[in-house]
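Because the structure is a prediction, the values reported are computed rather than measured. In this chain, numbering begins with 1 at the start of the sequence shown.
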Amino acid sequence: MALRVEQDIFLIRQRGREVAAAVGLEHQDQVRLATALSEVARDLLHAAAGADVAFGAVFEAVDGRHHLRVDLAPVRPLPDGWYEPRSGAVARLVDTLSVVGSEGDTVVRMSRRIPANAQALTPERLAELRAELGQVVPGSALDELATQNAQLIAALDEVRSQRDELAVLNAELEETNRGVMALYTQLSEELEETNRGVVALYAELDEKSAQLRAASESKSRFLANVSHELRAPVTAIIGLGRLLTDSASDPLTAAQSEQIGLIRSSATDLLTLVNDLLDLAKAESGRIEPDWAEVDLRVVFGQLRGTLRALSARPEVELVVEEPPTPAVVVSDEVLLAQVLRNLLHNGLKFTERGEVRMRAERLGDRWRLTVADTGAGIPAELQERIFEEFYQVPGNTRVRGTGLGLPYARRLVTLLGGTLELTSEPGRGSTFTVTLPVERA
């Protein structure tokens with residue numbers, strides 16, 4: 001088509017709408033393309049005295065779709081700085097709008113994607129469309145103006161309808177916002193009330209914690225004071241009993257010797273209990289400070305082997321202390337570590353009727369694992385943690401009784417040394433206490 005006079009603008013707009021309908025563009029896209037085409041045509045008519053207009057269907061490999069392309073070739077060179085077109089509003093009506101070079105000419109090109117559901121544009125289909133469009137008689141400018149007016153009225157109706165829908169949506173949104181604000185206010189009040197309750201609960205917990213700490217400190221002071229006060233008279237009773245049974249004293253009858261022996265035995269048990277209470281009170285109050293140094297486990301094991309083998313009173317129970325592998329060095333407190341191991345070995349010898357009590361050490365990376373295993377009666381799984389509670393005794397063992405303070409104190413000392421004390425046991429198959437300590441000070 002040729003664009004030379006004002007009336008041609010209406011014809012080009014009409015033909016653009018017809019071509020868009022023929023290739024399958026939707027009605028709104030037909031109107032958009034026709035409007036953009038008329039605006040660009042008017043600009044070119046004024047700037048370059050007209051243009052030659054060509055419609056084409058081009059396949060674009062980028063998106064795999066056909067595009068309806070319109071090329072407007074100006075009959076005169078475009079002025080320098082001519083903008084294509086004068087505003088960006090026209091460019092938003094089509095997919096692409098630009099000034100390009102085509103076969104040595106400057107061309108204003110616009111395009112619009114053809115919907116994927118449109119009829120395929122085969123060569124036969126394109127020939128058929130060209131024939132149909134060639135038979136269409138162009139309408140007059142008045143006809144095109146009437147069509148534009150009808151399209152404008154339809155657009156205004158659609159805008160009015162959308163405006164009414166938007167007003168309804170705004171009303172619904174406003175109502176929803178009021179509900180959300182009411183819910184937010186309610187939740188804020190409930191959250192504030194909950195926060196006040198939590199603050200009050202924390203205050204109560206802090207008060208209870210302070211009371212518990214005070215009670216624990218009072219208990220520790222009580223145990224320390226009582227244990228200290230009891231130690232002197234108990235020691236005196238043991239000393240007097242030893243004097244009465246001394247060979248330099250007046251001879252005693254058999255009954256008297258037996259009664260004094262019972263007094264000394266009971267006093268010794270009481271002194272053991274007093275010492276355990278005093279040690280536990282010191283541990284709980286944090287007054288025990290480890291003396292960190294390099295400890296040779298072979299020396300510790302040797303001392304325990306000699307000391308406890310002499311105290312072992314049952315020939316049916318063998319004490320086995322294996323030699324630790326070299327280098328057997330750990331950074332710890334030698335006195336506290338020996339006290340823990342002595343306690344475990346003493347318990348094993350006391351509660352094992354036959355078999356053996358074995359202590360061994362092995363190095364596992366950056367930690368030492370010290371185990372004391374016995375062949376005693378064993379401890380049920382549900383009681384294995386309870387034996388680390390103060391004053392707890394495993395029920396059923398009436399032959400040998402203890403204070404119930406040794407194992408809790410031993411675990412406190414191991415924790416103080418940066419390690420752990422664990423128990424694995426099975427009824428009828430003995431028990432194994434495992435002390436795990438870091439090689440270096442934690």
Side-chain angles (χ1 to χ4, degrees), residues 279-280 283 288-309 311-312 317-352 355-389 392 394 402 404-442:
D279 291 338
L280 189 62
I288 299 179
E289 289 291 338
D291 184 12
W292 299 100
E294 288 191 353
V295 178
D296 191 341
L297 293 178
R298 292 173 299 177
V299 175
V300 175
F301 276 39
Q303 293 174 350
L304 293 174
R305 183 189 299 112
T307 303
L308 292 175
R309 188 169 288 170
L311 295 177
S312 181
V317 180
E318 181 183 5
L319 174 63
V320 179
V321 179
E322 299 182 6
E323 190 72 12
T326 57
V329 177
V330 60
V331 177
S332 186
D333 185 308
E334 182 174 352
V335 175
L336 298 182
L337 179 58
Q339 193 171 358
V340 171
L341 297 178
R342 184 183 299 108
N343 183 292
L344 298 179
L345 288 172
H346 187 265
N347 278 352
L349 293 172
K350 182 166 60 173
F351 293 103
T352 302
E356 69 173 19
V357 177
R358 179 179 297 269
M359 183 171 69
R360 62 191 303 268
E362 59 179 332
R363 175 78 175 266
L364 301 174
D366 61 346
R367 306 189 77 80
W368 277 99
R369 184 166 67 185
L370 315 178
T371 58
V372 176
D374 61 59
T375 58
I379 301 172
E382 63 273 11
L383 302 180
Q384 291 179 12
E385 277 302 316
R386 295 205 60 188
I387 65 171
F388 293 102
E389 299 176 4
Y392 183 78
V394 177
L405 296 175
L407 288 177
Y409 179 59
R411 174 171 273 188
R412 289 182 181 273
L413 291 183
V414 172
T415 303
L416 192 64
L417 296 176
T420 59
L421 173 58
E422 305 295 337
L423 165 66
T424 57
S425 182
E426 186 177 345
R429 308 195 60 165
S431 304
T432 300
F433 290 89
T434 303
V435 177
T436 304
L437 294 173
V439 175
E440 300 292 336
R441 179 181 175 183

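Remark: the backbone N or O of Glu356 is paired with a side-chain donor or acceptor of Thr375 at under 3.5 angstrom.
Annotation: side chain of Val299 is in contact with side chain of Gln303 (closest heavy-atom distance under 4.5 Å). Residues Leu423 and Phe388 meet the side-chain proximity criterion, which asks for heavy atoms closer than 4.5 Å. Using a 4.5 Å heavy-atom cutoff, the side chains of Leu304 and Val321 are not in contact. Considering only heavy atoms from C-beta on, Leu297 comes within 4.5 Å of Trp368 through its side chain. Using a 4.5 Å cut-off on side-chain heavy atoms (C-beta onward), Met359 and Leu370 make no contact.
Residues passing the side-chain contact (heavy atoms from CB on, under 4.5 Å) test with Thr420, sequence neighbours excluded: Glu422, Thr436.
Atoms CZ and CG, on Arg305 and Leu319 in that order, are 8.5 Å from each other to the nearest 0.5 Å. Here the CG atom belonging to Leu407 is positioned 11.5 Å from the CD atom belonging to Glu389, to the nearest 0.5 angstrom. Between the CG atom in Leu437 and the CG atom in Asp366 there is a gap of 11.5 Å [rounded to 0.5 Å]. With rounding to the nearest 0.5 angstrom, the CZ atom of Arg412 is 8.5 Å from the OG1 atom of Thr415.
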>> Does Arg363 form a side-chain contact (heavy atoms from CB on, under 4.5 Å) with Val439? I'd like the steps, not just the answer.
In response: CA-CA 9 Å; Arg363 175 78 175 266; Val439 175; 3.3 Å; yes

>> Could you walk me through whether Val435 and Leu344 satisfy the side-chain contact (heavy atoms from CB on, under 4.5 Å) test, starting with their C-alpha distance in whole Å, then the side-chain angles of each, then the deciding distance to 0.1 Å, before giving a yes or no?
In response: CA-CA 10 Å; Val435 177; Leu344 298 179; 3.9 Å; yes

>> Please evaluate residues Asn347 and Lys350 with respect to the criterion side-chain contact (heavy atoms from CB on, under 4.5 Å), reporting the C-alpha separation (whole Å), side-chain torsions for both, the decisive distance (0.1 Å), and the verdict.
In response: CA-CA 5 Å; Asn347 278 352; Lys350 182 166 60 173; 4.0 Å; yes

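Listed here is the closest heavy atom pair of Pro438 and Gly418: CD-O, 3.4 Å. Taking both residues in full, the closest heavy atoms of Arg411 and Leu421 are given as NH2-O, 2.8 Å, listed atom of the first, atom of the second, then distance. The two residues Pro290 and Leu416 come nearest to each other via the heavy atoms CG-CG, 3.8 Å. For the pair Glu362 and Pro325, the tightest heavy-atom approach, listed with the atom from each and the gap, is CA-CG, 4.5 Å. Nearest heavy atom pair, residue Glu322 against residue Arg358, reads OE2-NH1, 2.9 Å.
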List the atom pairs, donor and acceptor, that lie under 3.5 Å between side-chain atoms in residues 327-337 and the rest of the protein, sequence neighbours left out.
from: Asp333; atom 1: OD1; to: Val335; atom 2: N; distance (Å): 3.0
from: Asp333; atom 1: OD1; to: Leu336; atom 2: N; distance (Å): 3.1
from: Asp333; atom 1: OD2; to: Asp291; atom 2: N; distance (Å): 2.5

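For CD of Glu294, the number of neighbouring non-hydrogen atoms (other residues, nucleotides, ligands) closer than 6.0 Å is 12 at most.
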